[in-house]
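Reminder, nothing fancy here: chain letters follow the sequence lines and each chain counts from 1. In what follows, every heavy atom counts, from backbone to side chain, and hydrogens, waters and symmetry copies are set aside.
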Number of protein chains: 2
Amino acid sequence: MRISELARETGVPLATVKFYLREGLVPAGRATSATQAEYDATHVRRLRLVRALVEIGGLPLAAVRDVLAAVDAGPDLSMTAIGTAHAALPPGPPPGTGTERALAVVESFGWSGAGQTNALGRLQAALEAMDAVGLAPDPDRLRTYADAALTVAAADVSDVPAGPVADVVEYIVVGTVLYEPLLLALRRIAQQHLFVTRRPEG
Amino acid sequence: MRISELARETGVPLATVKFYLREGLVPAGRATSATQAEYDATHVRRLRLVRALVEIGGLPLAAVRDVLAAVDAGPDLSMTAIGTAHAALPPGPPPGTGTERALAVVESFGWSGAGQTNALGRLQAALEAMDAVGLAPDPDRLRTYADAALTVAAADVSDVPAGPVADVVEYIVVGTVLYEPLLLALRRIAQQHLFVTRRPEG
DNA sequence: ACAGTTGGAGAGTAGCACTATCCAATATTG
DNA sequence: CAATATTGGATAGTGCTACTCTCCAACTGT
């Protein structure tokens, strides 16, 4: 498979494929001559993954690079992989955000071992911003959110397939990113559903 | 309150406040002379809201403008407001995405009245991208996600306070946007928690 | 032999969110 | 009341990201 077929197969513009190759987001093909290289199914897969992370996950290319590095790092443990994925995901917390308050919240749920994820900073930043506009969640609602989050997280980690370590890592990392839009889309649709059924004449 | 105090109060750079005023994201102050204007608490609040939507919600300014318009539209019904908010939220589905598959999924949950939200396009795009990289959710997992989404959505709509219509609309629209990062942060922290407690030596 | 395609590199572009500079008209201070 | 600082407003410029365009010599298929 040559480069233009790779582009056609995935629907990605040729110029963009070349750009990704230059940026190292897709590995180079096997050169068969000075001006020819051969690509295979792994390139198709990787290219689709990059596009999914960008278009669905909304990641900037720099974050895609980090996520792919975590995927490729291989047998470095799942926990590291998930932490790396989280650290690479945008947007990071605004600089200067602490984590004390978020930690207190998390501990009140009895969750442990969350000390090193930057999601804590995001949580705290979100809470502070809500306070600032007067829309902070009450404890009950926060609980509801936490329970829901725990439920989906449990599905996330229990669904990890047996198999080569590289596949497992990819599953975790990519799943973390790609399932977020899924969850958000479902929440919005559910909101609409509830609004409509609540006010039948609305 | 003059412009520089508004900037100091909110921590937003003066040049940025001016920029938002020019863009109409924050309403102009009451002019007291050719080179002076007076700002008040509503300006502080609006400015904080803009920053929250940008920094926490990750919205581009154009989307912020649309969301604010929905907020300000006033007594136009809640359902319209929520639809407007959804339509304004990025990223929209990639152009050319259908909704048939998403509709089938949603109907299998018994959800109705979701025909007009662009979250359907996002759902379908997410499912298709997952398929393309071979990581599509099985029906059970999708169910788990849908149940969790419905749970938080129920909390979202039941928490809407009584009060002036404008406040209700703001609550819905802003809540839709600002609670997303909260949910995602909690999910990530929960994942980490589960991983750590699952493999105590990991 | 020769049009067409390829891999590769460099420069150019478009959109976004600010940020810096300038200005004349006030305000404030000594 | 003079000197200095600040204000609102407009224009232009910056830095970043993610492409996209153009060029080119080396090859390929016919």
Quick check: on DNA chain D, is the nucleotide nearest A:Phe19 upstream (toward 5') of the one nearest A:Thr35, or the reverse? Name the residue that is more 5'. A:Phe19
For B:Ala15, which contact category applies under a 4.0 Å heavy-atom criterion: base, sugar-phosphate, or nothing? base
Look at the side chain of B:Ala34 and decide which nucleotide, out of C:dT26, C:dT6, D:dG9, has an atom nearest to it. C:dT26
Donor-acceptor pair, distance only, cut-off 3.5 Å: does the side chain of A:Arg45 make one with the backbone of B:Val133? yes
Looking at D:dC19, C:dT5, C:dT26, which one has an atom nearest to any side-chain atom of A:Leu61? D:dC19
Would one find a side-chain N or O of B:Arg51 under 4.0 angstrom from OP1 or OP2 of C:dC18? yes
Once you round it to whole Å, what is the distance between C1' of D:dC19 and CG of A:Leu25? 12 Å
Are the side chain of A:Gln191 and the backbone of B:Val157 linked by a donor-acceptor contact shorter than 3.5 Å? no
Should the pair B:Arg141 and A:Tyr179 be classed as cation-pi, given the thresholds of under 6.0 Å to the six-membered ring centre and 45° from the axis? yes
Starting at atom CG of B:Leu14, determine the distance to atom P of D:dA5, rounded to an integer number of angstrom. 17 Å
Quickly work out the A:Tyr39 OH to C:dT5 P distance and round it to whole Å. 17 Å
Identify the pairs formed between an N or O of the protein and an N or O of nucleotides 11-15 of chain D at a distance under 3.5 Å, and give each distance.
| residue | atom | partner | partner atom | Å |
| --- | --- | --- | --- | --- |
| D:dT11 | O4 | B:Arg22 | NH1 | 3.3 |

On DNA chain C, compare the nucleotides closest to A:Met1 and B:Thr32; which residue's is nearer the 5' end? A:Met1
Is A:Tyr20 near enough to D:dA18 that one of its side-chain N or O atoms lies under 4.0 angstrom from OP1 or OP2? no
Between B:Tyr39 and B:Arg46, do the side chains contain an N or O donor and an N or O acceptor separated by less than 3.5 Å? no
Taking only side-chain N and O atoms of A:Ser33, does any of them lie within less than 4.0 angstrom of OP1 or OP2 on C:dT6? no
Nearest-angstrom distance from the residue atom NZ of B:Lys18 to P of C:dT19: 14 Å
For the student: nearest non-hydrogen atoms of A:Pro27 and A:His43, plus distance: O-CD2, 3.2 Å
Taking CD from A:Gln36 and P from D:dC27, how many angstroms apart are they, rounded to a whole number? 9 Å
Between CG of B:Leu21 and P of C:dT19 the distance, given in whole Å, is 15 Å
Please say whether more than 12 non-hydrogen atoms of neighbouring residues, nucleotides or ligands are located less than 6.0 Å from CZ in A:Arg2. no
Could you tell me how far apart A:Arg2 (CZ) and C:dG4 (P) are, to the nearest whole angstrom? 16 Å
Is a side-chain donor or acceptor of A:Gln124 paired with a backbone partner of A:Arg101 at a separation under 3.5 angstrom? yes
Quick one: B:Leu59 CG to C:dC16 P, roughly how many Å, whole number? 14 Å
